[in-house]
Amino acid sequence: MVKKVVFLGMGGTIAGTAPSAGDNVGYTAAQVGVQQLLQAAPGVAAALGGHEALAEQVCQIDSKDLAYADWDALVKRLTHWLQKPEVAGVVVTHGTDTLEETAYLLSRAVPSGLLMHKPVVLTCAMRPASSQTPDGPGNLADAVAVTLCGRVHGVVVVCAGKVHSAVQVQKVHPYRVDAFDSGEAGPLGLVEEGRVRMLSGAPIAEVGLPAVDMGRLQAQGWPRVELVISHAGASGALVRALLTGPDAAVAALRGIVVAGTGNGTIHKDMERALEEAQQQGVRIVRTSRCAYGQVVGGSPSERPGSFATSTLSALKARIALMLEIAAQA
Ligand code: SIN
């Protein structure tokens, strides 16, 4: 039976153009439509193997400028397409800069019933579409191979021949084509000459987490959760500044995620300010600013249990806290 693969375009470098084909850095992201990207990727037709492609532009942005409305729109279109029996899965073209945040959000916000059997494959590029040697066309073909391989479900990221889970993936390099890493977990799989080789038996979709009611979240607005980093010479000033307001431009602060030193420890002056924030009803979550590993237990220099701890990266812990606060509102 002929299936459909849906391509949703979000923008990014994969859709970027530069004044000259030799320029891989001085380009403008989000210029080329997703339909055009498919036409410029000869490997996609081969990877589709007779299955049908359907392209839709959800937005056209540099992902550093991503707004909650863009996530709302993407979740809505994914939910629409994944419900259709003839759709095998969805490929999302996206900028690399906030890709890991969108991947994590989708893994929590797309109804889990739809992710149990179908893949949502995010892909991207580090070089613009106008490059002499673009990486986007190969990544797109690999994303189709992963979508149709029948062994992947849930939200994954495909880049430079690797399949990453939405929970583990992080952008680790500002320039290299192989810019993503899954830390100690490693990639879930590889794409080699169009063939998918899975490496991990780990479940791809997150299980056991409360379902996100996107309709409710959109109606009440995304809760404001900020991110701070503890560092040598840190003070409480930034945290205290966050507590002032709200004013017309920003909503009241509901949470702070701290990227702590080492095992999630926090400079004592910043920690004091965070305790004040917590006393005012602001939710505090502690993470580690280390690239690898996760916060383990409590270290002797901490008062155990004073702040909640997350094993996610600080960026993903921020999204998780927003979803948790929204669910409790
Ligand atoms: C973006 O994130 O939209 C621009 C950078 C990139 O895709 O590599």
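Each ligand, and each atom within it, is numbered from 1 in the order the structure gives.
The nearest protein atom to atom 8 (O) of ligand 1, hydrogens excluded, is given as Thr96 OG1, 2.4 Å; this is a heavy-atom distance. Taking atom 5 (C) of ligand 1 as the reference point, the nearest protein heavy-atom neighbour is Thr13 OG1, 3.0 Å. Looking from atom 2 (O) of ligand 1 to the surrounding protein, the closest heavy atom is Ser63 OG, 2.6 Å.
Evaluation of the salt bridge (Lys or Arg N to Asp or Glu O under 4.0 Å) rule for Arg216 yields no partner, not counting sequence neighbours.
Using a 4.5 Å cut-off on side-chain heavy atoms (C-beta onward), Pro111 and Thr79 make contact.
Put simply, CD on Gln170 and CG on Leu315 are 7.5 Å apart, with the number rounded to the nearest 0.5 Å.
Under a 4.0 Å heavy-atom criterion, Ala125 is in contact with ligand 1.
Ligand 1 has a nitrogen or oxygen under 3.5 angstrom from a nitrogen or oxygen of Asp97.
A single hydrophobic cluster is not seen to contain both Val172 and Leu312; linkage of ILVMFWY side chains at heavy-atom distances under 4.5 Å, directly or through other members, places them apart.
Val25 belongs to a hydrophobic cluster whose remaining members, ordered by chain and number, are Tyr175; membership requires side-chain heavy atoms of ILVMFWY residues under 4.5 Å apart, directly or through intermediates.
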